[in-house]
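Let me begin by presenting the structure, written as structure tokens, before commenting on it.
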Amino acid sequence: MQETEIRLVEGMDYRTGCPIAVEIEGGIISNIRRIQNRPGLPWLAPGLVDLQVNGFGGVDLNAPPFSPDSVTAVTHMLWREGVTAYLPTIITNHDEGIEEAVRAVADAIRQSPTLDRVILGIHLEGPFISPQDGPRGAHDPAFVKAPDWALFERWQKAADGRIRLVTLSPEWPGAHEFIESCVRHGVKVAIGHTAANTEQLTLAVRAGATLSTHLGNGAHPMLPRHPNYIWDQLAEPDLWACMIGDGFHLPDSVIKVIMRVKRDKAMLVSDVVQLGGREPGEYETHIGGCVVLTPQGKLHLKGQPQLLAGSVQTLRQGVWNLFKKQLCGLQDAWDMASIRPAAYLGLSARRGLAVGAPADLVAFAPTDEEVRILRTIKQGVILYEADTHMQGGGADG
């Protein structure tokens, strides 16, 4: 890919609506200054950071043949969605399948300096999750198992040490020791797909777990009034919380509660699967079998519209869902999908639109129906630019 570096981007600050010019040197924001407003200026915001991507555009990162080309294809398609950084997510599978999948991601990164900048690491979601129906979700029960450090080290070796986040359930014996080992080796641990009790969750947080994976999903359809594992995770001040904001996985009331309780530790993820970006219709998948993608963007099992078969909406769409439903302002929605996940991972991109931050930027145009991405920039390099001529986005080579 031929890279185009830029030194100037102009647009409307997503936080204030004020027209600004962002000056870039060496991939870093060197100055931000006010400019005169004029018609056609896009909006400017930090690049989106997605902690959970299973596939996109017909490409599944969890189905053979596992290939670096698949990882590259998904990455390029995500640039059109305003994503400047993400974690490819490898889910529960047989041991060899997980090993091949993480190796494919590592190989793709090794072959491309650009992918090395965009792919922050690998999110391993399973197989150390709950075996119970409901919390297990669509993960194959045949491959669910207790945490195994030797097995994890095998996968981490195949991944060139790039597994950065592990989602597990602390209901397994020895889970807190596994969490402690992960933390010692610089791997973050999330609680998800869990049926853990209060004591097990408390031990997991004390051991170093710091995140709830898609809180409110991967759960039993019916729970005790209290205690239950959703209340317990909400009550833990050290746990960040991820939400799927597609309008189907969580009711608006639950999103409001999570945002109010977790505040700056509330984040959005897409959890998008391979059917994201595809046309509505019926599809056959290796997880879920025959599924239906509706024109509204809901993916469910055929004949069972109440059973979701994954998410097909990207972070861009999740941001707009929250904003158009007036669950929060545009800045808060965007921050939950950009600077907050960057902060969770300890990235310098957590500073957002600020001098000294990396020039990871998105220029977009809001319409009545969506946020339209016009340009995606990573460290001052254009990754994607819409075909339509965009006024105000200066490129000074």
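Count residues from 1 along the sequence. Any value given below was found using the heavy atoms of this structure, including those in side chains, with hydrogens, waters and symmetry copies removed.
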Discussion item. Given Thr167, which partner from the list Gln52, His123, Lys188 fulfils the side chain to side chain donor-acceptor pair (under 3.5 Å) test?
Written reply: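 Of Gln52, His123, Lys188, side chain to side chain donor-acceptor pair (under 3.5 Å) with Thr167 is met by His123 alone.
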
Worksheet item: Which of these, Asp50, Thr314, Asn54, Asp246, sits in a side chain to side chain donor-acceptor pair (under 3.5 Å) with Ser270?
Response: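 It is Asp50, the one option of Asp50, Thr314, Asn54, Asp246 that forms the side chain to side chain donor-acceptor pair (under 3.5 Å) with Ser270.
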
How long is the straight-line distance from [atom2] of [Y] back to [atom1] of [X], given to the nearest 0.5 Å?
{"X": "Met336", "Y": "Met267", "atom1": "CE", "atom2": "CE", "result": "11.0 Å"}
{"X": "Glu10", "Y": "Gln36", "atom1": "CD", "atom2": "CD", "result": "11.0 Å"}
{"X": "Trp240", "Y": "Asp264", "atom1": "CH2", "atom2": "CG", "result": "7.5 Å"}
{"X": "Leu78", "Y": "Leu315", "atom1": "CG", "atom2": "CG", "result": "9.0 Å"}

Does some side-chain heavy atom of [Y] sit less than 4.5 Å from a side-chain heavy atom of [X]?
{"X": "Ile179", "Y": "Leu203", "value": "no"}
{"X": "Gln200", "Y": "His176", "value": "no"}
{"X": "Val105", "Y": "Arg162", "value": "no"}
{"X": "Val71", "Y": "Thr75", "value": "yes"}
{"X": "Met12", "Y": "Pro42", "value": "no"}
{"X": "Val291", "Y": "Glu282", "value": "no"}
{"X": "Arg33", "Y": "Glu23", "value": "yes"}
{"X": "Pro19", "Y": "Ile35", "value": "yes"}

May I ask you to decide if [Y]'s main-chain N or O and [X]'s side chain share a donor-acceptor pair within less than 3.5 Å?
{"X": "His94", "Y": "Gly97", "answer": "yes"}
{"X": "Asp360", "Y": "Gln379", "answer": "yes"}
{"X": "Lys298", "Y": "Gly247", "answer": "no"}
{"X": "Thr89", "Y": "Val53", "answer": "yes"}
{"X": "Trp231", "Y": "Arg225", "answer": "yes"}
{"X": "Arg7", "Y": "Glu25", "answer": "no"}
{"X": "Arg372", "Y": "Pro366", "answer": "no"}

Looking just at side-chain N and O atoms, do [X] and [Y] make a donor-acceptor pair shorter than 3.5 Å?
{"X": "Tyr344", "Y": "Thr210", "answer": "yes"}
{"X": "His185", "Y": "Gln156", "answer": "no"}
{"X": "Gln132", "Y": "His220", "answer": "yes"}

I'd like to know if [X] pairs up with [Y] as an ion pair, taking the criterion as any Lys NZ or Arg NE/NH1/NH2 lying under 4.0 Å from an Asp or Glu carboxylate oxygen.
{"X": "Glu369", "Y": "Lys324", "value": "no"}
{"X": "Arg154", "Y": "Glu99", "value": "yes"}
{"X": "Lys145", "Y": "Asp148", "value": "no"}

For [X], look at atom [atom1] and say whether over 12 heavy atoms of other residues, nucleotides or ligands are found less than 6.0 Å away.
{"X": "Lys302", "atom1": "NZ", "result": "no"}
{"X": "Glu279", "atom1": "CD", "result": "no"}
{"X": "Glu199", "atom1": "CD", "result": "no"}
{"X": "Trp149", "atom1": "CH2", "result": "yes"}
{"X": "Glu177", "atom1": "CD", "result": "yes"}
{"X": "Arg80", "atom1": "CZ", "result": "no"}
{"X": "Lys157", "atom1": "NZ", "result": "no"}
{"X": "Arg110", "atom1": "CZ", "result": "yes"}

Discussion item. Show, in sequence, the C-alpha distance, side-chain angles and deciding distance for Thr376 and Val83, and conclude whether the side-chain contact (heavy atoms from CB on, under 4.5 Å) test is met.
Written reply: CA-CA 7 Å; Thr376 303; Val83 174; over 6 Å; no

Practice prompt. Heavy atoms only: give me the nearest Ser169-Thr194 pair and the separation to one decimal.
Written response: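 Residues Ser169 and Thr194, closest heavy atoms: OG-OG1, 2.8 Å.
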
Check whether the ring centres of [X] and [Y] lie less than 6.0 Å apart, and answer yes or no.
{"X": "Phe152", "Y": "Trp155", "answer": "no"}
{"X": "Trp79", "Y": "Tyr86", "answer": "no"}
{"X": "His249", "Y": "His214", "answer": "no"}

Worksheet item: Name the one of Ile122, Asp160, Asp107, Leu61 that satisfies side-chain contact (heavy atoms from CB on, under 4.5 Å) with Val102?
Response: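 Checked Ile122, Asp160, Asp107, Leu61 against Val102; only one passes side-chain contact (heavy atoms from CB on, under 4.5 Å): Ile122.
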
Practice prompt. Determine the sole option in Asp60, Asn62, Leu299 for which the side-chain contact (heavy atoms from CB on, under 4.5 Å) test with Val273 is passed.
Written response: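 The residue from Asp60, Asn62, Leu299 that satisfies side-chain contact (heavy atoms from CB on, under 4.5 Å) with Val273 turns out to be Leu299.
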
Discussion item. Applying ring pair (Phe, Tyr, Trp, His ring centres under 6.0 Å) to Phe364 and Trp334, what does each step give before you reach the verdict?
Written reply: CA-CA 12 Å; Phe364 66 91; Trp334 199 282; 4.7 Å; yes

Practice prompt. Go through Tyr14 and Trp43 one step at a time and tell me if the ring pair (Phe, Tyr, Trp, His ring centres under 6.0 Å) criterion holds.
Written response: CA-CA 6 Å; Tyr14 80 112; Trp43 289 78; 8.7 Å; no

